[in-house]
Amino acid sequence: MRTIVYINPRPSIDRRNNPYSSGIINKIIGGKRAAIVTLSPMIIGALTPRDEYNFVFLDETIDLVDPTTVQADLVAITTLTVSADRAYQLSADFRARGIPVVLGGVHVTACPEEAAQHADTIFTGMGEYTWPAFLEDWKNGVPKPRYDAADYPLVDFFVTPRTDIIDTSNYLALPVMATRGCPYNCDFCCIPLSSGHKYLTKPVEDVMSEIRAWEACVKPGRIGAEKPDYLFVDDNLYIKHDYTRQLIEAMKELHVTWYGQGSIHTAADDEVIKLISESGCRAYSMGFESLNDENLAKMQKARKADVAVYQKALDNLRKHGIMPSGYFIVGFDGDDATVFEKTVDFVRENGVVQAVLSVLTPYPGTELRERLVREGRIWGTGWQLYNNWNTVINPLHMTSDELEAGFHWAVKQNNSPKAIKAALRKFFAEGPWPAKPRLRFIERLAFIYFALMMLPHPSVWPFARFCVWVAFQRNAVDFRGIISTLLTMEIGSRIKDDYYNPAERRRQRGLPLGDVNQLDTVRPGTPLPDPKVKAAA
């Protein structure tokens, strides 16, 4: 029986260029865990006949792969832009041993000519279209160098993921997909490459069956920390309201906790959010993107930055016991150095518990990248920089170094223990809720235990103090939601002084130390620009 090894490459071996990897959870519970497993190996595994192939999944977010020890007849590697450099390195190592390598994923779809130089076969588009055809060709000894999904009939159904190839104990959350595609066309987004604009829905009973299959694999947690939650990875789960209502009603019967993401206007709908809360939803993420109407219009968002609607959505989530989370991007053409303070103020004033801030990044295949290439405003090289934390563009109204330094300032402000505590106080103030009672005594003891586990590590004492604080909050709710805020705090703790030093940042990234453009006036060694000072000036 032939062996196929499927690899999810790590974005960067250098942890500083992989800011969303976590160490704090591992210090608390021991072992190695990642936030969530990618769904693609389970889909490809399900399309691979079990009686013909031994299918093995290796995840570098858990352990790095040593290509000299892996035994395989074929290696398949999924590729995001930020992990492309690592994928190419792995591919070269395996091919040097005579093992054929195939590459797929959103980056390969965006950059097929580049990827083709690093693989025996590449795939563009969704794997459901192309993987079965490749397996047939490979079995017959005539695999093609390239398989394009557009060359095959449309797939109007979803494959049931193969969950048995995953060790669920390695992850804090498990993925579920009920819909695919997004009808919107935001210019910075690469979803059209990975999912397309056609909005597809999976039968509700199939979604329930997948979650039941997951439930059969996971270990029940004594206090809830060991049992993973479910994350709906749908780009927008709430586009077809009738379908979503059916799905939510069915979720009630499973008695699981889950997280999702959707539009701000959906969160502002009291009736819908009430149903979502009753079905076990504990956190809801919204794409604010920008608080500037000019930016929203240019990125082709079909809405305005209506702060009143934003506040209603956030208040609505809290009222129903759902932890509010939001995505923000800085570096749009309408942004100047005041954007950082404005964003931080909005997050604080509105109690966004988990604010995910990103630097505008021109991913391959997006309209944004095409425009910035035409304008000559992309200067960053090396795909490992494309992790939403590094500046690779020249913004219009500030220098690239000001953008990166201001971004890191805002991340540190939003994700500090002080900021997280303030947001949680606001969240706890409206609890407890009928479906989400206050923390149990054993859960409070668990936070004390976590603090004790961190005592031998001085670098994480702020996290230990936070755990003690939580344990004594009378109205504290949502054990696992609070655990996730530790990850948010860890992101902020990654910001060190040398992040603000342009010369040091460039040295770490192997870039020239000189100015990236004539407007770049930040000198090496200059401390972090304070947006408040600049705004006042």
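Residues: numbered from 1 along the sequence shown. This is a predicted model, so every value here is computed, not measured.
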Visitor: Minimum heavy-atom separation for I122 and A119, please, with both atom names.
Guide: CG2-CB, 4.1 Å
Visitor: Examine distances only and state if a side-chain atom of N390 and a backbone atom of Y386 form a donor-acceptor pair shorter than 3.5 Å.
Guide: no
Visitor: For E443 and I482: C-alpha separation, side-chain torsions, deciding distance, then whether side-chain contact (heavy atoms from CB on, under 4.5 Å) applies.
Guide: CA-CA 11 Å; E443 292 173 327; I482 298 170; over 6 Å; no
Visitor: Can you tell if the side chain of V37 reaches within under 4.5 Å of the side chain of P175, non-hydrogen atoms only?
Guide: yes
Visitor: Please walk me through it: do L135 and I4 pass side-chain contact (heavy atoms from CB on, under 4.5 Å)?
Guide: CA-CA 11 Å; L135 284 182; I4 299 175; 4.0 Å; yes
Visitor: Supply the atom-to-atom distance K202 NZ to Y243 OH, rounded to the nearest 0.5 angstrom.
Guide: 7.5 Å
Visitor: Please check: side-chain N/O of S358 versus main-chain N/O of I329, any donor-acceptor pairing under 3.5 Å?
Guide: no
Visitor: Quick check: do M42 and M177 have side-chain heavy atoms less than 4.5 Å from each other?
Guide: no
Visitor: Can you find a side-chain donor-acceptor pair between Y363 and N388 that sits under 3.5 Å?
Guide: yes
Visitor: Angle between ring planes, F134 versus F123, binned at 30° and 60°: parallel, tilted or perpendicular?
Guide: perpendicular
Visitor: Got a second to check how far I62's CD1 is from N170's CG, nearest 0.5 Å?
Guide: 4.5 Å
Visitor: Does any part of the side chain of M126, heavy atoms only, come nearer than 4.5 Å to the side chain of R180, both counted from C-beta?
Guide: yes
Visitor: Go through the side-chain N and O atoms of Y171 and T61 and say whether any donor and acceptor fall under 3.5 Å apart.
Guide: no
Visitor: Using a strict cut-off of less than 4.0 Å between a Lys/Arg side-chain nitrogen and an Asp/Glu carboxylate oxygen, indicate whether E205 and R212 qualify as a salt bridge.
Guide: yes
Visitor: If only side-chain N and O atoms count, and only distance matters, is there a donor-acceptor pair under 3.5 Å linking E210 with Y230?
Guide: no
Visitor: Is there a donor-acceptor pair under 3.5 Å between the side chain of R97 and the backbone N or O of V70?
Guide: yes
Visitor: For the atom pair OG1 (T48) and CD1 (I44), what is the distance rounded to the nearest 0.5 Å?
Guide: 6.5 Å
Visitor: Run the salt-bridge test on D164 and R50 with the 4.0 Å N-O cut-off and return the result as yes or no.
Guide: yes
Visitor: Checking T124 now: which residues fulfil side chain to side chain contact (heavy atoms under 4.5 Å, CB included) with it, not counting sequence neighbours?
Guide: T109, P112, R146, D148
Visitor: Would you say that D93 contacts T68 through its side chain, given a criterion of any heavy-atom pair below 4.5 Å between the two side chains?
Guide: no
Visitor: Between W383 and R86 (side chain of the first, backbone of the second, donor and acceptor by atom type, cut-off under 3.5 Å), is there such a pair?
Guide: no
Visitor: Could you tell me the separation between the CD1 atom of I378 and the CG atom of L368, rounded to the nearest 0.5 Å?
Guide: 7.0 Å
Visitor: What pair of heavy atoms forms the shortest contact from A419 to N414, and how long is it?
Guide: CB-O, 3.5 Å
Visitor: Compute the centroid of each ring, for W131 and then for Y147, and state whether the two points are separated by less than 6.0 Å.
Guide: no
Visitor: Report yes if the side chains of V56 and I165 come closer than 4.5 Å at any heavy-atom pair, otherwise no.
Guide: no
Visitor: With side-chain hydrogen bond (donor to acceptor under 3.5 Å, both in side chains) as the criterion, how do T257 and D229 come out once you've worked through the C-alpha distance, each side chain's angles and the decisive distance to 0.1 Å?
Guide: CA-CA 6 Å; T257 55; D229 294 300; 2.3 Å; yes
Visitor: Hey, mind stepping through C467 and L486 against side-chain contact (heavy atoms from CB on, under 4.5 Å) and telling me if it holds?
Guide: CA-CA 9 Å; C467 287; L486 287 169; 4.3 Å; yes
Visitor: Do R95 and D120 have side chains that get closer than 4.5 Å, going by heavy atoms?
Guide: yes
Visitor: Any donor-acceptor pair under 3.5 Å linking the side chain of S169 with the backbone of D167?
Guide: no
Visitor: What is the distance from atom NZ of K240 to atom CD of Q246, rounded to the nearest 0.5 Å?
Guide: 11.0 Å
Visitor: Using ring centroids (six-membered ring only for Trp), state whether Y284 and Y238 fall under 6.0 Å.
Guide: yes
Visitor: Could you report the tightest heavy-atom contact between T121 and P143, atom names first, then the distance?
Guide: OG1-CB, 4.5 Å
Visitor: Using the rule given for side-chain contact (heavy atoms from CB on, under 4.5 Å), can you reason through L231 versus Q261, listing the C-alpha separation, both sets of side-chain angles and the distance that settles it, and then say yes or no?
Guide: CA-CA 9 Å; L231 174 64; Q261 55 189 7; over 6 Å; no
Visitor: Under the ring-ring contact (aromatic ring centres under 6.0 Å, His included) test, which residues partner Y259, sequence neighbours left out?
Guide: none
Visitor: Counting distance only, does the side-chain N/O of R162 pair as donor-acceptor with the main-chain N or O of A46 below 3.5 Å?
Guide: no
Visitor: Mind listing the closest non-hydrogen atom pair of T81 and P364 along with its distance?
Guide: OG1-CD, 3.6 Å
Visitor: Taking C-beta and beyond as the side chain, do H107 and L80 meet within less than 4.5 Å on heavy atoms?
Guide: no
Visitor: Is a donor on one side and an acceptor on the other found under 3.5 Å between the side chain of S91 and the backbone of H118?
Guide: yes
Visitor: Do L39 and P161 make a side-chain contact, defined as non-hydrogen atoms from C-beta onward lying under 4.5 Å apart?
Guide: yes
Visitor: Check V159 against I43 and note the closest heavy-atom contact, atom names and distance.
Guide: CG1-O, 4.1 Å
Visitor: Report yes or no: does N140 contribute a side-chain atom to a donor-acceptor pair with the main-chain N or O of V142 at less than 3.5 Å?
Guide: no
Visitor: Have Y88 and E114 got a donor and an acceptor in their side chains that come within less than 3.5 Å?
Guide: yes
Visitor: Which atom pair, heavy atoms only, marks the closest approach of P132 to G127?
Guide: CD-O, 4.0 Å
Visitor: Donor-acceptor check, side chain of W258 to backbone of R282, threshold 3.5 angstrom: yes or no?
Guide: no
Visitor: Measure from the side-chain N and O atoms of D234 to the backbone N and O of A178, and report whether any donor-acceptor pair falls under 3.5 Å.
Guide: yes
Visitor: What is the ring orientation for F479 with F447, classed by angle as parallel under 30°, tilted 30 to 60°, or perpendicular over 60°?
Guide: tilted
Visitor: Nearest 0.5 Å, please: how far is CD in Q354 from CE in M489?
Guide: 11.5 Å
